[in-house]
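Okay, so here's the structure we're looking at.
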Amino acid sequence: MFPELLVTAALILLISAVFSLATSGRDLRHVRTVVLGSTIIASLLIAVVALVTLITNETFAFTVYQPFPSLAISFVIDRLAAFFLLIIAIVAGCVAAYSTEYVEHLDGGSRRNLLCGCANIFILAMMLVVASATTISFILFWELMAASSFFLVMYEYDQPETRKAGIFYFIMTQLSTLFVLLGIIALYVQTGSFAITSLNAASSPLIIVAFLSLFVGFSIKTGIIPFHKWLPYAHPASPSPISALMSGVMLKIAVYGLIRFLLDVFQPDIWWGILILAAGTASAVLGIIYALKEHDIKAMLAYSSIENVGIIFVGIGLSVIFTSVGLKDLAAISLLGALFHALNHALFKSLLFLTAGSVVHATHTRDIEHMGGLARRMPYTSALFFIGAVSISALPPLNGFASELLIFTSFFSSVSDVSSLLKVLLFIGLALFALTSALSAACFVKAFGSIFLALPRSAESGDAVEVPRMMLIGPGILAAACIFLGLASLQIFTLVGYAVPLPDMLFVGALLLGMTAIVYVFLWFTASRETRVSETWGCGTFSQQPATEYTGHGFSEPIDIIFSAIYRTRTKNERSFFDRMNCIFSEGKAEIRLMKVFEEYLYVPMARKSYRLAEGISRFQNGCLDTYLLYVFVTVVGVIIFLGWFI
Amino acid sequence: MNADFVIYAVINTLLVIAVAPFIVSLIKKVKAWTQGRRGPSVFQTYATLLKLLRKEVIYSPSSSRIMRVAPYVNIGSVLVASLFVPLVFVPEPVGGIGNIILFLYLLALARFFMALAGLDAGSSFGGMGSSREMSISAVIEPTTIIVFAALAFVFKTLNIFSMFSITSASGTPVTPTLILLGISLFIILVVETSRIPVDNPETHLELTMIHEGMILEQSGKNLALMELSSGIKLTLLMALLINLVMPFGLVTTLTVAGILIAIALFAVKGIVLGGIIGLFESSTAKMRFFRLPSLFAMAFFFSALTIIIEVFA
């Protein structure tokens with residue numbers, strides 16, 4: 001029955017996408033509602049399949065198309081795949097519910113039909129990547145996912161910045177496909193088959209090449225530093241539901257790829273784990289440090305995605321390290337932590353992107369310095385964003401805490417059992433991991449404070465009104481899931497049969513509620529109940545001005561200064577004076593510029609080099625027929641000599 | 001959940017609420033003496049809190065629900081955190097209570113709400129306090145985690161209850177490792193509870209204040225809750241230090257006489273440690289904000305040293 005359900009879901013997505021393409025000439029709301037409604041139905045079907053598979057732990061496989069005996073498009077759903085299908089289903093369903101209202105407020109006329117249809121193809125592609133049983137279908141749907149997401153990013157293609165972001169994203173995503181393809185070819189050369197099965201071979205240079213290519217490919221897709229730069233460009237440029245899908249789900253598909261190949265194909269060495277751990281730690285720390293500096297709400301969320309993917313990589317890296325030193329239990333705990341964090345990040349990040357979309361819709365700006373005071377104007381949106389902020393800051397009793405606690409616990413428990421050198425390494429990793437989660441709390445205090453609290457800092461922000469109901473229901477479900485997964489974390493792991501060292505968060509949550517309630521009731525009867533509303537003290541000014549509030553820039557200033565070595569700010573100060581003694585100031589220019597370290601030292605030089613290389617190669621293509629004939633001749637001669645010698 | 005734990009929860013919570021204002025006043029008294037003043041009575045904080053409860057609460061017109069909710073969440077999470085640190089009686093842990101990471105993050109939850117409440121009224125003092133508090137807490141976090149990881153490493157457990165059971169069973173476990181960890185814990189205590197040289201709990205000068213800046217817009221019973229929860233936090237961290245380094249008197253079985261003796265002994269140790277904190281505060285000057293990371297680096301060094309001693313011993 002399950003393959004049929006899954007195929008039905010896939011067909012619903014495909015047919016609705018075709019339907020939207022067929023009706024793309026007419027700008028009708030009904031069309032979009034039908035398409036998004038079918039997304040919700042398909043998500044429900046996928047969720048049912050995924051949940052049943054997760055709980056029963058059954059595996060089922062089926063082949064769809066087999067042109068040659070050795071080449072098949074076949075699918076297998078096991079627990080790991082079902083877990084990621086669940087991520088896709090929850091986020092896609094909630095995003096679709098949100099989009100029913102959101103797309104109606106977008107510009108673009110009938111292009112909006114295409115947006116909904118293309119999003120369905122995107123969801124379909126992600127689902128099929130996860131379900132793939134062979135590397136060939138993996139890469140096929142991987143590329144479909146890349147292409148459809150490119151169109152989604154390019155939705156507002158008439159904006160120059162969107163075009164730039166789109167091209168940047170396209171190049172990065174193609175690089176990712178290239179490396180994944182390289183890895184898959186290397187695997188094929190090693191095993192002679194496209195099946196995703198265990199290698200059963202000691203590590204050889206070819207296997208290491210395969211792993212490194214796959215690792216780079218997946219890292220580019222997840223935005224691991226230094227391959228992260230596309231995220232802060234692509235996310236602000238694309239519509240919010242698309243950002244939610246890309247950040248919440250697509251990054252997880254690459255995580256899935258890494259976990260799948262590490263678990264089922266390779267027998268990792270310890271240095272692979274250290275590599276993954278180092279990459280993860282660097283992304284986590286730098287990601288959140290950059291996020292603190294960002295004042296475009298969606299770019300801030302994009303950097304925070306880099307941080308969270310880093311945390312997931314830390315979990316995976318630890319798991320690989322522990323497996324190779326023989327600590328099976330700890331390896332399981334850290335892998336479960338990584339997987340649980342993948343689910344949690346999918347939930348709270350799409351929640352944050354959707355509510356950020358509502359905020360941008362209401363205030364017409366993405367700059368958090370022009371927001372403020374929205375908590376009173378958009379009470380429900382602010383409550384939803386708040387739940388997301390608490391979760392992402394890893395505060396108990398919500399879900400972000402539960403998954404980070406698993407990773408913390410495996411760090412803490414491991415240090416007594418490993419070799420001295422590894423101990424030092426793990427302690428460094430632990431210290432940086434702790435820094436990350438504390439900085440993310442600072443980042444989201446700043447974000448929530450600047451967006452929702454105090455007085456509005458622009459006229460638009462002052463006139464903001466609450467969004468329609470459907471734009472609250474989608475994020476609302478995600479917020480409820482965040483709370484549920486946090487409180488019931490221990491029970492869920494017990495249900496699926498894993499013993500994890502989590503505290504009983506339901507008990508802790510009940511204690512929190514109980515203590516707060518006791519204090520409230522006690523004070524209700526003993527203390528004064530009088531309240532009064534009166535102006536904030538403004539050091540003698542008559543009324544409070546938005547200009548005197550603490551800004552987001554001001555808020556992150558201490559962290560800027562403490563971490564100035566990482567930010568690499570450049571200050572320029574030019575002054576001219578009227579007199580020779582430099583006393584009477586005439587004019588001056590001062591600027592503080594944030595250096596884009598990776599862009600200036602890595603991306604631009606790489607781009608220049610490849611451009612120069614391409615120029616060199618293009619000299620061969622001179623447009624003269626005789627030259628081309630010569631090339632053909634030389635090639636044929638070369639092939640003949642090669643075949644004569646080697647075969 | 002067993003009866004022992006319920007009794008423990010009631011005793012521990014009531015004790016911590018009762019002791020916290022006294023310790024706050026005690027430190028003030030010691031500081032006053034070192035400055036040659038008589039200082040307020042050691043029961044002054046109780047009177048202040050009672051006075052605040054009778055006053056009305058004033059909200060800013062720009063403030064939102066955060067301002068109204070924060071004091072309760074703050075006291076709620078600090079009280080739950082207080083269940084994690086047994087003051088006088090160590091029962092069997094229940095449902096993961098006592099997990100050292102959860103303890104830290106409950107304090108972080110309280111801080112998160114306090115920092116948001118600081119931003120809510122739109123006053124620049126509140127924002128300044130929140131900003132500094134979040135920055136400092138971020139920079140001290142690696143040290144805190146390393147110290148706690150070192151504790152977990154030394155005691156081979158993640159649970160504070162089990163750590164206390166081990167220390168109380170061995171009587172006088174003052175090893176060089178624990179002394180070093182004690183120094184680091186002391187620095188963490190000073191930072192987390194906003195004391196000199198990190199912050200000055202007595203001033204309302206905008207140049208120096210951190211914690212006081214955040215709660216500047218609080219009034220009436222909300223202010224009382226904020227003050228009480230910061231007192232409880234101080235007591236908890238002191239109890240953590242006391243019961244790890246000087247555990248004698250801590251009981252693991254429930255008897256009336258044992259509890260009473262333990263309370264008396266805890267009071268003596270609390271007064272001694274409170275005196276030490278007061279003297280320490282009087283003997284140093286407030287540090288410039290951006291020189292604080294080097295203080296944290298020192299705490300980091302001590303904890304790293306402990307680990308190296310343990311690793312290569």
Side-chain angles (χ1 to χ4, degrees), chain A residues 373 375-376 390 393-396 401 405 408-409 411-412 415-416 420 423 427 430-432 434-435 438-439 441-442 445 448-449 452-455 502-504 507-508 511-512 515-516 519-520 523 526-528 530-538 544 548-550 554-555 557-559 561-562, chain B residues 53-62 64-66 72-73 75-77 79-80 83 95-97 99 101-102 105-106 108-109 112 115-116 119-124 127-128 130-132 134-135 137-139 141-142 144-146 149 152-153 156 158 217 220-221 225 289-290 293 307 311-312:
Chain A
R376 296 164 66 83
V390 174
S393 310
L395 295 175
F401 172 72
L405 179 61
F408 265 125
T409 307
F411 260 123
F412 271 53
V415 284
S416 28
S420 301
K423 251 177 217 163
F427 269 113
L430 175 61
L432 291 173
L435 179 67
L439 281 175
V445 165
F448 188 83
F452 292 102
L453 300 181
L455 291 172
L502 276 177
D504 187 352
F507 182 48
V508 175
L511 277 178
L512 271 173
M515 286 289 189
T516 314
V519 171
Y520 187 82
L523 287 190
T526 55
S528 158
E530 273 176 70
T531 59
R532 182 154 61 91
V533 171
S534 176
E535 202 73 47
T536 306
W537 183 60
Q544 202 190 349
T548 61
E549 285 169 14
Y550 227 58
F555 192 92
E557 186 65 22
I559 295 176
I561 294 176
I562 294 170
Chain B
L53 289 185
R54 286 199 301 276
K55 297 246 175 192
E56 62 177 355
V57 181
I58 303 173
Y59 293 113
S60 159
S62 66
S64 66
R65 281 167 296 176
I66 291 288
Y72 292 100
V73 178
I75 190 90
S77 43
L79 282 179
V80 175
L83 290 181
I97 297 293
N99 185 307
I101 307 166
L102 184 53
Y105 276 78
L106 281 168
L109 178 68
F112 189 83
L116 282 179
L119 286 168
D120 201 12
S123 134
S124 41
M128 204 177 286
S130 304
S131 158
R132 290 174 181 173
M134 293 315 285
S135 312
S137 70
V139 182
E141 191 72 12
T144 315
I145 280 290
I146 287 295
F153 183 76
K156 306 276 182 275
L158 277 174
E217 295 300 326
K221 59 182 174 186
L225 289 180
F289 185 79
F290 289 112
I307 290 156
V311 167
F312 298 104

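Throughout, protein chains are lettered first and strands after them, A, B, ... in sequence-line order, and every chain is numbered starting at 1.
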With chain B as the partner, which of A/Leu502, A/Leu439, A/Val519, A/Val390 has the greatest number of non-hydrogen pairs under 4.5 Å? A/Val519

Quick check for you: to the nearest 0.5 Å, what is the distance between B/Ser62 atom OG and A/Glu535 atom CD? 8.0 Å

Gap separating the OG atom of B/Ser64 from the CZ atom of A/Phe452, nearest 0.5 angstrom: 10.5 Å

Shorter than 4.5 Å, heavy atoms on both sides: which option in A/Ser534, A/Ala442, A/Ala438 has the most such pairs with chain B? A/Ser534

Whatever's closer than 4.5 Å to a heavy atom in chain A on B/Asp120 counts as both

Heavy-atom proximity to chain B below 4.5 Å, by part of A/Phe401: side chain

What's the separation between atom CD in A/Glu557 and atom CZ in B/Arg132, rounded to the nearest 0.5 Å? 11.5 Å

Chain A contact via B/Leu158 - which portion, at a heavy-atom distance below 4.5 Å: side chain

Between the side chain of A/Thr536 and the main-chain N/O of B/Ala121, is any donor-acceptor distance below 3.5 Å? yes

So, the part of B/Leu106 with a heavy atom under 4.5 Å from chain A: the answer is both

Distance col, row A/Ser393:OG vs B/Met134:CE, nearest 0.5 angstrom, shows 7.5 Å

Partner residues of B/Ser77 under the side chain to side chain donor-acceptor pair (under 3.5 Å) criterion, sequence neighbours left out: none

Enter the distance from B/Ile146:CD1 to A/Leu430:CG here, rounded to the nearest 0.5 Å. 5.0 Å

Given the options A/Gly449, A/Pro558, A/Ala375, which has more heavy-atom pairs under 4.5 Å with chain B than any of the others? A/Pro558

